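Following: one structure in structure tokens, then a few remarks.
Heavy-atom basis, side chains included; hydrogens, waters and symmetry copies ignored. Residue numbering restarts at 1 for every chain, and letters A, B, ... go by the order of the sequence lines. Treat the numbers as computed from the prediction; the structure is a model and nothing was measured.
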2 protein chains.
Amino acid sequence: MARAPQPGQRKPVTLFDVARAAGVSQSTASRVINGSQRVVNEELQQRVLSAATKLNYTANLSAQTVARGKSTTVALLVSDIADGYFSSMAAAVMRAAEAHGLRVTIAVTERNVEREIELVRELRGQHARAIILAGSGYLDAKLTQALVRELQMFEDTGGTVVLVSRSNLPFAQVDLDNLEGARRLAAALVRLGYQSFTVLGAERTLVATHDRVQGFRLGLEGHGIMLRDDQILYSNFSWEGGFDAIQAMDESALDATELIFAVNDEMALGAIAGLRERGMRVPDDVAIAGFDDIRSLRNIVPSLTTVRVPVDEVGRQAIARAVEDGGRADHKVVNATVVLRDSTPRRR
Amino acid sequence: MARAPQPGQRKPVTLFDVARAAGVSQSTASRVINGSQRVVNEELQQRVLSAATKLNYTANLSAQTVARGKSTTVALLVSDIADGYFSSMAAAVMRAAEAHGLRVTIAVTERNVEREIELVRELRGQHARAIILAGSGYLDAKLTQALVRELQMFEDTGGTVVLVSRSNLPFAQVDLDNLEGARRLAAALVRLGYQSFTVLGAERTLVATHDRVQGFRLGLEGHGIMLRDDQILYSNFSWEGGFDAIQAMDESALDATELIFAVNDEMALGAIAGLRERGMRVPDDVAIAGFDDIRSLRNIVPSLTTVRVPVDEVGRQAIARAVEDGGRADHKVVNATVVLRDSTPRRR
DNA sequence: CTGCCGGTGGAATAGGCTTTCCGAAAACCG
DNA sequence: CGGTTTTCGGAAAGCCTATTCCACCGGCAG
């Protein structure tokens with residue numbers, strides 16, 4: 001395609017141009033600019049560098065990727081980038097990636113496996129260095145199978161897959177200590193005097209939610225309190241999920257509840273909105289606790305008791321797993337810490 | 001580099017492989033798979049397609065970019081992806097981009113021009129189709145010059161630059177009607193009975209903040225109320241900015257204020273926190289209004305009066321500007337609408 | 001003085017894809 | 001039915017870089 005030299009649409013300057021301007025071969029220019037193993041004469045180096053500066057050269061990343069057969073881009077897959085948890089995670093991952101000279105492209109799965117599979121497929125085409133899968137996880141076993149297959153194909157072509165807080169699959173993982181965090185939270189709440197609980201869980205296939213529910217239960221049991229199955233309401237891992245769960249709750253069940261534990265903060269916030277809608281006050285009528293400690297909690301009154309997830313650390317670890325291509329199926333657990341605030345005052 | 005065929009590290013299947021498997025030439029395979037202008041025989045199409053499926057072929061995006069000299073990636077530059085406004089914007093842009101078959105890569109500028117310049121430079125190397133610059137804007141005229149130069153070089157190589165709600169520079173723009181939105185807000189507040197105001201502005205060079213302050217002033221003047229310069233406090237376009245501004249306020253000035261207008265919601269939320277710290281209640285002691293209508297407002301009590309910015313529309317328009325490469329220096333204004341809520345009750 | 005070696009620049013090739021250009025076969029037309 | 005288009009595969013050139021391979025240099029030991 002003979003791109004007509006449109007007015008003001010110069011052809012980008014290539015490495016070849018730089019080489020010519022410096023009076024050296026392309027290979028030499030390449031060696032100077034990207035710093036390969038080979039040494040080049042000091043003087044030639046200078047010539048090349050100054051030519052590059054003069055011409056305002058920037059390496060063509062795609063061409064480099066093709067030539068090297070390996071890219072410097074890692075992909076971050078999240079359910080919803082507008083969600084505070086994921087956007088903080090994205091920020092953390094990007095920060096960590098930069099320290100390794102990596103670029104990050106973010107893709108949104110909208111909590112849809114098929115879309116996710118499609119994305120992984122595309123990413124394979126893009127030769128992404130790694131795929132970091134944060135959040136989501138699905139009910140349909142067959143689709144999960146398909147996803148795993150796709151992820152495996154991705155790894156077959158040399159990429160690394162990193163799962164963040166997700167169902168147990170045969171890939172490198174960064175996990176939060178969801179179980180322990182929730183267990184400690186439960187213990188702390190019991191110590192504050194709470195005795196009857198309702199848990200707002202999310203999709204059961206999500207390792208995160210499952211572990212949080214389980215941990216909470218264990219924490220209660222440790223103090224001799226049993227959590228009945230009908231005290232666990234399953235909904236979605238989102239604000240709406242929390243809101244809807246509360247809307248759907250029996251009047252009597254609600255009255256019997258002293259404290260609601262939502263498996264993440266977004267759900268907790270949705271639940272609070274739902275409670276408000278039903279004319280109930282937090283914490284006077286019912287106490288509430290969440291999980292994650294997302295940034296926007298600083299705006300909530302009363303302040304919300306939660307379990308802090310060190311997103312920065314998670315991001316850092318995810319990138320670390322992504323680059324050390326050695327450690328296939330490597331596992332790293334990040335601790336979570338209980339933060340007691342005003343939404344769960346001491347009782348009695 | 002003779003990549004040793006590591007166990008389980010197959011070489012990716014290429015278009016050539018597909019062509020061979022289908023018994024056609026590479027050109028034909030290419031034509032079938034990417035749908036070029038040229039028509040190919042129905043039967044060959046089938047052969048190619050089924051071969052591609054069988055081999056699990058995915059096009060190598062980098063190679064396509066190199067070959068086409070043009071990519072399908074647009075870059076979104078934001079100050080801080082963890083900020084609710086920007087993450088919603090990002091979500092909107094990505095949604096819109098997808099409809100056009102474009103990929104989005106997000107980069108974070110951390111409100112730092114040098115970094116921004118650096119990023120634009122890199123993006124030129126990546127042959128991004130377009131750069132969407134959202135937020136930020138700077139004090140230093142020299143650096144702004146440098147940025148503009150870099151952006152122009154980017155356009156010289158065939159990319160498009162789209163500015164979202166940003167200082168007036170010679171590029172395509174999507175603007176909010178900040179002035180009119182703020183003007184209407186002011187008018188509405190006066191009608192509710194408010195008479196003495198404090199405005200929390202942000203960096204003056206930001207077109208957004210300047211227009212919002214200006215619009216608010218005009219709205220007040222329309223009702224015969226003057227806004228004195230000492231009633232405008234300049235700070236940063238962030239939660240901390242709002243918080244700090246309130247912390248730094250004179251006791252007397254604060255007492256004399258009936259309503260605080262922060263030029264964006266994050267600042268307003270920071271201001272509320274600051275007020276709480278100083279023992280003042282909203283709206284009993286002082287009313288407050290923001291701008292943007294970010295998602296997390298749904299969790300705030302009392303609900304916050306604000307001006308809604310239709311982020312989806314903005315994202316859509318930004319992408320529209322990005323693809324129609326014709327309209328250089330094209331300008332689109334998106335309306336903003338006043339949303340009155342509980343943080344500004346009718347007065348007296 | 002000769003043969004060999006480490007070092008360094010350049011030519012050539014690889015990498016995966018798109019697109020132009022050719023040529024042959026098919027379709028059309030008088 | 002001959003000549004002219006049109007249609008549609010395939011070969012080959014090109015996009016930009018990285019890297020291999022080759023050639024040539026001076027140095028060094030024998």
Side-chain angles (χ1 to χ4, degrees), chain A residues 1-5 10-48 52 55 57-72 122 124-128 157-158, chain B residues 1-4 10-48 51-52 55-72 124-128 157-158:
Chain A
M1 173 179 46
R3 245 172 288 140
R10 255 174 311 204
K11 235 181 34 193
V13 7
T14 74
L15 189 57
F16 182 79
D17 300 328
V18 174
R20 199 180 27 185
V24 301
S25 78
Q26 212 190 123
S27 349
T28 304
S30 171
R31 295 198 260 254
V32 171
I33 289 185
N34 72 15
S36 82
Q37 313 294 46
R38 292 276 302 265
V39 192
V40 318
N41 183 310
E42 176 71 23
E43 191 218 325
L44 291 193
Q45 274 194 44
Q46 284 314 319
R47 289 227 305 265
V48 170
L55 295 180
Y57 172 75
T58 351
N60 181 324
L61 202 81
S62 307
Q64 286 187 328
T65 303
V66 174
R68 295 190 174 130
K70 174 177 236 204
S71 86
T72 57
E122 249 184 49
R124 174 156 58 89
Q126 292 182 55
H127 281 261
T157 66
Chain B
M1 175 177 43
R3 242 171 291 142
R10 255 172 312 202
K11 233 181 36 193
V13 6
T14 75
L15 188 57
F16 181 79
D17 300 329
V18 174
R20 198 181 27 185
V24 301
S25 77
Q26 212 189 133
S27 355
T28 303
S30 171
R31 296 198 260 255
V32 171
I33 288 184
N34 73 15
S36 81
Q37 312 294 44
R38 293 272 304 261
V39 195
V40 319
N41 183 309
E42 175 70 23
E43 190 217 326
L44 291 192
Q45 274 195 44
Q46 284 315 319
R47 290 228 304 266
V48 170
L55 295 180
N56 242 309
Y57 172 76
T58 352
N60 180 324
L61 203 79
S62 307
Q64 290 195 145
T65 303
V66 174
R68 294 188 177 137
K70 173 179 236 204
S71 85
T72 57
R124 175 156 57 89
Q126 293 182 54
H127 280 262
T157 65

Response to the item:
From CD of A:Gln126 across to P of C:dG15 the rounded distance in Å is 21 Å

Worksheet item: Are B:Asn34 and C:dC17 close enough that a side-chain N or O sits under 4.0 Å from OP1 or OP2?
Response: no

Worksheet item: Within this structure, what is the CG-to-C1' distance between A:Leu61 and D:dA18, rounded to whole angstrom?
Response: 13 Å

Discussion item. Test your reading of the model: is there a side-chain donor-acceptor pair from A:Arg31 to the backbone of A:Arg38, 3.5 Å cut-off?
Written reply: no

Discussion item. Return whichever of B:Ser25 or B:Ala63 has its heavy-atom-nearest nucleotide of DNA chain D closer to the 5' end.
Written reply: B:Ser25

Worksheet, complete the sentence: For A:Ala52 and A:Val18, the nearest pair of non-hydrogen atoms, with its separation, is N-CG1, 3.9 Å

Nucleotides 21-27 of chain C: which of its N/O atoms have a protein N/O under 3.5 Å away?
from   : atom 1 : to      : atom 2 : distance (Å)
C:dC21 : N4     : B:Arg38 : NH1    : 3.3

Worksheet entry | Spacing of A:Thr28 atom OG1 and A:Asn41 atom CG [to the nearest 0.5 Å] | 10.0 Å

Worksheet item: Are B:Thr28 and D:dG10 close enough that a side-chain N or O sits under 4.0 Å from OP1 or OP2?
Response: yes

Fill in: Whole angstrom value for the distance that separates P of D:dT17 from CG of B:Asn60
16 Å

Worksheet item: What integer distance in Å separates A:Asp17:CG from D:dC16:P?
Response: 8 Å

Practice prompt. Note every stem involving DNA chain D: at least three consecutive Watson-Crick or G-U wobble pairs, i with j then i+1 with j-1, with both distances under 3.5 Å.
Written response: C:1-30 with D:1-30

Could you pull out the protein-nucleic contacts involving nucleotides 12-14 of chain D (nitrogen or oxygen on both sides, under 3.5 Å)?
none

Worksheet item: Considering all heavy atoms of both residues, which atom of B:Val24 and which atom of B:Ala29 are nearest to each other, and what is their separation?
Response: CG2-N, 4.2 Å

Practice prompt. Taking the side chain as every heavy atom from C-beta outward, state whether B:Leu61 and B:Gln64 have any atom pair closer than 4.5 Å.
Written response: yes

Item to complete: Would you mind reading off the distance between B:His127 atom NE2 and D:dC16 atom P, rounded to a whole angstrom?
Response: 7 Å

Item to complete: Among B:Arg124, B:Gln126, B:His127, find the one that has a side chain to side chain donor-acceptor pair (under 3.5 Å) with A:Thr58.
Response: B:Arg124

Fill in: Rounded distance in Å - CG (A:Asn41) to C1' (D:dG26)
14 Å

Response to the item:
Correct closest heavy-atom pair for B:Ala21 and B:Ala51 would be CB-CB, 4.1 Å

Worksheet item: If you round to the nearest 0.5 Å, how far is CZ of B:Arg68 from OG of A:Ser62?
Response: 11.5 Å

Discussion item. I need the A:Phe16 CZ to A:Ser25 OG distance, nearest 0.5 Å.
Written reply: 10.0 Å

Worksheet item: Just checking A:Val66: base, sugar-phosphate only, or nothing, at a heavy-atom cut-off of under 4.0 Å?
Response: base

Worksheet item: Phosphate oxygens OP1/OP2 of C:dC17: is one of them under 4.0 Å from a side-chain N or O of B:Gln64?
Response: no

Worksheet item: Side-chain N or O of B:Tyr57 less than 4.0 angstrom from OP1 or OP2 on C:dC17?
Response: yes

Worksheet entry | Steps toward side chain to side chain contact (heavy atoms under 4.5 Å, CB included) verdict (B:Tyr57, B:Asp17) | CA-CA 9 Å; B:Tyr57 172 76; B:Asp17 300 329; over 6 Å; no

Fill in: Interatomic distance where CD belongs to B:Glu43 and P belongs to D:dT7 [whole Å]
20 Å

Worksheet item: Would you say the side chain of A:Leu15 lies within less than 4.5 Å of the side chain of A:Ile33, judging by non-hydrogen atoms?
Response: yes

Worksheet item: Rounded to the nearest Å, what distance is computed from the CD1 atom of residue B:Ile33 to the P atom of nucleotide C:dT19?
Response: 14 Å

Worksheet item: If only side-chain N and O atoms of B:Thr14 are considered, is one of them under 4.0 Å from the OP1 or OP2 phosphate oxygen of C:dG16?
Response: no

Fill in: Below 4.0 Å: OP1/OP2 of C:dC17 and any side-chain N or O of B:Ser30
no

